[in-house]
Amino acid sequence: MSSSSNPASSSSSSSSSSSAMARSAVVVGGGIAGPVTAMALQRAGIEASVHEAHPGPADGIGGGLNIAPNGLAALAAIGADEAVRRIGAPMTSIVLHSWTGRRLAEVADPPDLPVSRFVWRPELYRALYDEAVSRGVRIHHSRRLVAVAETPDGVTARFADGSEVTADVLVGADGIRSTVRALIDPGAPAPRYCGLLNFGAVLPETGLPPTGDRMHMVFGKRAFLGYQVDADGGGGWFVNLPHRDPATAAQVRGVPAQEWLERLRAALAGDRGPGPDLLRRTDPADLLVIGPVEDLPTVPVWSRGRAVLVGDAAHATSPSSGQGASQAAESAVQLARCLRDLPVGAAFAEYERLRRARVERVIAAGARTSSAKAAGPVGRVLRDLLMPVAMRAFASPERMRWQTGHRIDFDAPVVPAQREPAGRR
């Protein structure tokens with residue numbers, strides 16, 4: 001890679017960035033993590049602009065997801081939680097069923113924590129986008145990053161349209177296939193396929209009674225179903241379909257919706273829950289073909305020079321974890337705190353120290369859940385037999401507090417961890 005595109009290409013630049021305080025930032029990626037990061041940086045006194053490759057706001061893209069109590073707490077730290085509460089449906093627990101209709105377990109958050117919110121990604125995206133814009137954050141579209149150049153005084157992002165933006169730091173919030181990640185580390189790992197394809201739909205009429213504040217999930221014989229029904233009878237569903245061979249999102253979306261819907265109906269045909277009827281009520285035009293379920297177990301390099309990663313660019317977890325957006329919000333808040341109180345080099349190091357172990361533990365937990373969804377015939381029988389016992393032993397509200405009860409004190413000063421002298425190690 002040429003020096004013009006390597007954020008750590010010169011020792012003088014690295015030395016300068018290590019001792020400099022950040023007062024401006026360019027955030028690459030305008031999905032969920034980008035606007036949250038910009039708002040967190042703004043609250044920390046750092047001017048931030050967002051630059052998104054998509055030509056316009058990404059309305060209508062994506063399925064349903066969960067904002068966990070820890071995610072709401074992270075958003076509350078920057079005053080952005082109410083924007084999510086307004087659009088989200090309360091979700092106090094998840095009820096798990098077998099394909100026979102047998103209730104396997106119910107998983108709830110500790111009762112003293114904020115109630116999770118189920119949101120549709122397009123609505124979450126629009127709520128955070130509008131909140132950021134209302135605070136004066138500038139969001140630019142048609143800005144596809146092609147190179148990054150670092151000097152002793154700053155870092156410049158160069159885009160395919162010929163434009164350039166210079167700031168004190170560059171934040172890669174550009175998702176699981178991050179361009180920034182590849183620029184700061186050409187040897188960065190590719191996403192790992194979890195053996196599932198993800199689909200969903202919103203229905204005006206489900207034919208089911210309201211599920212209240214509970215999400216219901218079914219370990220089917222050949223696919224995994226989740227659904228929630230609103231008070232008016234409308235609602236939505238998602239299906240994780242086991243699929244042995246890896247496929248790109250483009251390849252999955254290249255298959256006609258009608259064909260996927262027929263495959264999904266066949267996969268759920270033998271289940272005794274509501275899945276078959278929900279799919280019969282789904283029009284192919286309304287099918288959300290989301291794509292492969294993927295994660296990133298570990299990303300060795302989170303920062304280099306004046307560039308750093310946040311959200312899925314640094315720590316993508318499977319959607320099965322229910323923590324993707326929440327972990328992105330946590331990382332945005334911690335990064336902003338570190339850049340507020342420490343020089344750039346120390347800030348990036350402390351940010352990674354505060355976040356790496358936690359996010360990799362969340363990613364591992366999500367991978368285990370994805371594996372259970374893709375169980376074969378023998379594994380399915382064992383899973384259904386053992387899950388009630390396992391859930392009582394390992395998924396009680398208190399045992400999950402490490403994940404959902406995490407809190408960040410935004411106002412507390414960041415003090416780097418003290419390293420032991422060499423002679424004491």
Side-chain angles (χ1 to χ4, degrees), residues 1 4-8 17 22-59 61-62 78 80 121-122 124-151 153-185 188 302-314 316 325 328-329 331-333 335-336 339 344 347-348 351:
M1 182 178 294
S4 65
S5 58
N6 188 343
S17 67
R23 292 292 174 261
S24 62
V26 52
V27 179
V28 176
I32 302 301
V36 175
T37 300
M39 287 188 282
L41 290 169
Q42 184 188 64
R43 177 159 184 200
I46 299 169
E47 182 181 359
S49 58
V50 177
H51 302 263
E52 164 60 37
H54 200 274
D59 295 309
I61 297 176
I78 58 172
R121 190 187 185 282
L124 176 64
Y125 166 81
R126 175 50 71 175
L128 294 174
Y129 184 104
D130 290 346
E131 182 70 19
V133 170
S134 74
R135 299 183 185 194
V137 173
R138 293 166 295 154
I139 301 180
H140 305 272
H141 295 279
S142 297
R143 293 281 180 89
R144 184 173 298 280
L145 184 72
V146 294
V148 176
E150 185 173 327
T151 70
D153 300 320
V155 59
T156 298
R158 294 173 178 162
F159 302 100
D161 63 358
S163 61
E164 295 184 351
V165 180
T166 298
D168 294 328
V169 294
L170 182 144
V171 182
D174 49 343
I176 194 169
R177 285 180 168 73
S178 168
T179 298
V180 177
R181 184 175 67 239
L183 288 174
I184 69 173
D185 179 16
W302 279 25
S303 66
R304 185 162 289 162
R306 291 176 177 268
V308 67
L309 304 175
V310 75
D312 281 357
S331 287
V333 170
L335 176 62
L339 285 170
V344 171
F348 288 172
Y351 157 66

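By convention here, the first residue in the shown sequence is residue 1.
Here the closest non-hydrogen pair linking A314 and L309 is CB-CB, 3.7 Å. Scanning both residues, S331 and G311, for their nearest heavy atoms gives CB-N, 4.4 Å. Among all heavy-atom pairs drawn from D174 and A313, the shortest one is OD1-CB, 3.9 Å. The two residues V310 and A332 come nearest to each other via the heavy atoms CG2-N, 3.8 Å. Minimum interatomic distance between A48 and V137 (heavy atoms only, all atoms of both residues): O-CG1, 4.0 Å. Taking every heavy atom of both residues into account, A80 and M39 meet most closely at CB-CE, 4.3 Å.
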Exercise for review: Please report the C-alpha distance between L128 and I32 in whole Å, then the side-chain angles of each, then the deciding distance to 0.1 Å, and finally whether the side chain to side chain contact (heavy atoms under 4.5 Å, CB included) criterion is met.
Suggested key: CA-CA 7 Å; L128 294 174; I32 302 301; 3.8 Å; yes
Check your understanding: Does the pair V148 and V155 meet the rule for a side chain to side chain contact (heavy atoms under 4.5 Å, CB included), with working shown?
Key -> CA-CA 7 Å; V148 176; V155 59; 3.4 Å; yes
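Using a 4.5 Å heavy-atom cutoff, the side chains of S163 and R143 are in contact.
Proximity of a side-chain donor or acceptor of R306 to a complementary backbone N or O of D168 within less than 3.5 Å is detected.
A search for side-chain contact (heavy atoms from CB on, under 4.5 Å) contacts involving A347 returns C338, L339, L342, not counting sequence neighbours. Qualifying salt bridge (charged side-chain N to carboxylate O under 4.0 Å, His left out) partners for R181, counting only residues two or more places apart in sequence or in other chains: none.
Screening residues 23-42 for ring-ring contact (aromatic ring centres under 6.0 Å, His included) gives no qualifying pairs among residues at least two apart or on separate chains.
Distance NE2/H54 to NE2/H141: 9.0 Å, rounded to 0.5 Å. Interatomic distance, CD1 of I78 versus CG of L41, reported as 9.0 Å (0.5 Å rounding). Atom CZ of residue R158 and atom OG1 of residue T166 lie 8.5 Å apart, to the nearest 0.5 angstrom. Atom NE2 of H51 and atom CG of L170 lie 8.5 Å apart (nearest 0.5 Å). Note that the CG atom of L183 and the OG atom of S178 stand 8.0 Å from one another [nearest 0.5 Å]. With rounding to the nearest 0.5 Å, the separation of CZ in R126 from CZ in R121 is 12.5 Å.
Around CD of Q42, the count of heavy atoms belonging to other residues, nucleotides or ligands within 6.0 Å exceeds 12.
Taking the six-membered ring where the residue is Trp, Y351 and W302 present tilted rings, their angle falling between 30° and 60°.
A salt bridge between D161 and R144 is absent, with no side-chain N of the basic residue lying under 4.0 Å from a carboxylate O of the acidic one.
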